**Q** 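Handing you a structure now.
Here the structure is a predicted model, which means the values were calculated and not measured.
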Number of protein chains: 2
Amino acid sequence: METHPPLPRDRELDEGTYAQVRALITSGELAAGSWLREKTLAERIGVSRTPIREALNRLSAEGMVEISRNKGAQVVSFTPDDVAGLYDVRAGFEPHAALLAVPRLTDQDVDRLAELAAAMEEAVRSGQLDSLSALNSAFHGLFVDRCGNRHFATALQTLMRPAVVAHTFRKYSPEALNRSMLHHAELVAAARARDGEWAEAIMRTHILAARNAAGARHDRH
Amino acid sequence: METHPPLPRDRELDEGTYAQVRALITSGELAAGSWLREKTLAERIGVSRTPIREALNRLSAEGMVEISRNKGAQVVSFTPDDVAGLYDVRAGFEPHAALLAVPRLTDQDVDRLAELAAAMEEAVRSGQLDSLSALNSAFHGLFVDRCGNRHFATALQTLMRPAVVAHTFRKYSPEALNRSMLHHAELVAAARARDGEWAEAIMRTHILAARNAAGARHDRH
DNA sequence: GGATCTCAGGTTGCATACAAAATGCACCAA
DNA sequence: TTGGTGCATTTTGTATGCAACCTGAGATCC
């Protein structure tokens, strides 16, 4: 008996409801602070409330949305101090991840980094600042994924995902934007040389520069 | 006999399905690797499958359980390398959390730390090694919670929660166990003096000692 | 005898229905 | 006008039913 051919319509479920809701947030379609109504999202994505609730719970655990009991979920909004804290912490964690990851990178990984860096430069040239965020988080995410420690990776992703919400390249001056691209290129070079310490150093530089570019310097208390 | 010392119920008390499921894991009642059947848990806790599913999703996002699609959830299990990696990362970042947290502690916070440290010593004296894990994670969690950076706190908790599953004081030698208690006492002293740098130093010592006591030394490449 | 197929049991994924809680607004009184 | 009160609507929280899927045991075929 030949089996039923699988209905060829499952392409719309790329990665599931969770990814779609997250995309609505990272794309900026749902701004920081806006409410995420279960029914609205359910109709928009075309599923029932149940998978929406699961997605919101997961996003809440990851820090991208905040849920108040019996009141619903809203996209996290950041005080300037939150943003500053985020950069501080990233400045602490991500260079360490780079140090761990670089010696483990495959040649394909390095090529992918180069590809992403090139795509970002192209995006800057053509003024497509919106697509930068996704590329940038893929670039940084690769270092995190390859750090060789499962739990460090998930913790770091928990840390970085809300950063995507807060981070916008639109605040950058042309000069800062250019410097950021140079950092990416140098990270690729360090990766290609499999020099973890070099990567660690430039990553730290990169994040501290970003902290300034985003106007997120801390006032020392 | 007095078997009810001030248990760590400062956060959400047992109200909440999530907390109850987590308690089953942290208490060791559900060992690493064992399956978490939704129906079984639902009957055991006395709710329907829906809140159980939400709890499992959240625990999955926090790294304490692993969910395979259509197959169910199981308590996360650790390779020795995972455990070693966890200690490495904690050694890197928890001392920093202590440095940030100590100047912000209230007097009540310090009293709570002292209370927890005393409860742990009592547990050691009476051989109740099982209750140590919960007390210990409450103790460390307080430093993390008070570090003054929301995102740093959630990331570190994501990192530490699975560690609770892996961490067992049963591997400790009596000597190591005793040293660990002394570290806690010294952390309380540093906290009472509001000396962040002292706390940072002893916290780092504490974690590196724990790494050895748990037999989780890395081969550094 | 060994491998494959079929089917039954059980488990998860999703949709729907209902209960509980919160919000907003009209209305009333001071 | 202003402040409070009660009701109606909206929204979330939970329970339950059903379909899809995975797993394992027994039958079947070579």
Side-chain angles (χ1 to χ4, degrees), chain A residues 1-25 29-77 154, chain B residues 11-25 29-77 165:
Chain A
M1 243 23 112
E2 54 181 329
T3 58
H4 288 236
L7 301 175
R9 51 148 180 78
D10 285 350
R11 184 53 51 187
E12 60 186 347
L13 291 182
D14 356 298
E15 294 285 331
T17 305
Y18 158 77
Q20 292 186 57
V21 177
R22 198 182 68 184
L24 286 178
I25 298 173
E29 213 160 333
L30 294 167
S34 59
W35 289 95
L36 300 158
R37 295 300 171 200
E38 296 176 359
K39 198 183 173 198
T40 311
L41 288 173
E43 286 165 358
R44 178 161 187 173
I45 297 186
V47 294
S48 82
R49 278 177 51 217
T50 308
I52 296 288
R53 284 179 65 83
E54 296 201 348
L56 291 179
N57 274 317
R58 193 167 155 194
L59 289 165
S60 163
E62 288 173 353
M64 289 187 69
V65 311
E66 280 172 336
I67 295 182
S68 336
R69 182 173 173 92
N70 282 323
K71 284 184 68 178
Q74 48 187 338
V75 181
V76 288
S77 59
T154 63
Chain B
R11 304 249 182 99
E12 331 99 42
L13 32 156
D14 58 351
E15 300 207 48
T17 306
Y18 159 75
Q20 292 187 59
V21 176
R22 198 181 68 181
L24 287 177
I25 298 173
E29 213 160 333
L30 293 167
S34 59
W35 288 96
L36 301 159
R37 294 299 170 201
E38 296 177 359
K39 197 181 173 201
T40 311
L41 288 173
E43 285 165 359
R44 178 160 187 174
I45 297 186
V47 293
S48 82
R49 278 176 50 216
T50 307
I52 296 289
R53 284 178 65 82
E54 296 206 345
L56 291 179
N57 275 314
R58 192 167 157 194
L59 289 165
S60 163
E62 288 174 353
M64 289 187 71
V65 311
E66 280 172 337
I67 296 182
S68 331
R69 186 175 170 90
N70 284 321
K71 285 184 67 177
Q74 48 187 337
V75 181
V76 69
S77 61
V165 178

**Q** Among D:dT16, D:dG13, D:dC22, which nucleotide has an atom closest to any side-chain atom of B:Thr50?
**A** D:dT16

**Q** Please report the distance, rounded to the nearest Å, between NZ in B:Lys39 and P in C:dG13.
**A** 16 Å

**Q** Would you indicate which nucleotide in D:dT14, D:dA15, C:dT12 comes nearest to any side-chain atom of A:Arg69?
**A** D:dT14

**Q** Calculate the interatomic distance between B:Trp35 atom CH2 and D:dG24 atom P; express it in whole Å.
**A**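 Those two atoms, CH2 and P, are 10 Å apart.
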
**Q** Closer than 4.0 Å, any side-chain N/O of A:Lys71 to the OP1 or OP2 of D:dT12?
**A** no

**Q** Determine, for A:Glu66 against A:Lys71, whether the closest basic-nitrogen to carboxylate-oxygen distance falls under 4.0 angstrom.
**A** no

**Q** How close do B:Thr17 and B:Pro51 get, counting heavy atoms only, and between which atoms?
**A** OG1-CB, 3.7 Å

**Q** Could you tell me how far apart B:Glu43 (CD) and D:dT14 (P) are, to the nearest whole angstrom?
**A** 18 Å

**Q** Give the rounded distance in Å between these two atoms: CG of A:Asn70 and P of C:dA19.
**A** 16 Å

**Q** Minimum heavy-atom separation for B:Ser60 to B:Ile67, with atom names?
**A**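 So the two residues come closest at CB-CD1, 3.8 Å.
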
**Q** If you measure from CE on A:Met64 to CG on A:Leu30, what distance do you get to the nearest 0.5 Å?
**A** 10.0 Å

**Q** Would you mind checking if A:Glu54 and A:Arg49 are paired as a salt bridge, meaning a charged N to carboxylate O distance below 4.0 Å?
**A**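 Salt bridge: no.
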
**Q** Report the distance from atom OG of B:Ser34 to atom CD of B:Glu29, rounding to the nearest 0.5 Å.
**A**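 One gets 10.5 Å once the value is rounded to the nearest 0.5 Å.
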
**Q** Roughly how many Å is it from CD in A:Gln20 to C1' in C:dC14, rounded to a whole number?
**A**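 In whole Å, C:dC14 C1' and A:Gln20 CD are 15 Å from each other.
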
**Q** For A:Ile67 and C:dA22, what is the distance between atoms CD1 and P respectively, to the nearest whole Å?
**A**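 Taking CD1 of A:Ile67 and P of C:dA22, I get 16 Å after rounding.
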
**Q** Does the C:dG10 base have a donor-acceptor partner in the side chain of B:Arg37 within less than 3.5 Å?
**A**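 Checked by distance alone, the answer is no.
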
**Q** When the distance from CG of B:Leu36 to P of C:dG13 is rounded to whole Å, what number comes out?
**A** 13 Å

**Q** Looking at the side chain of B:Arg49, which of D:dT12, C:dA15, C:dT12 is the nearest nucleotide?
**A** C:dT12

**Q** Any chance you could measure B:Leu56, atom CG, to B:Leu36, atom CG, to the nearest 0.5 Å?
**A** 6.0 Å

**Q** State which of C:dG13, C:dA21, D:dA15 makes the closest approach to the side chain of B:Ser48.
**A** D:dA15

**Q** Short of 4.0 Å, heavy atom to strand atom, which residues of residues 51-59 of chain A count as contacting DNA chain D?
**A** A:Arg53

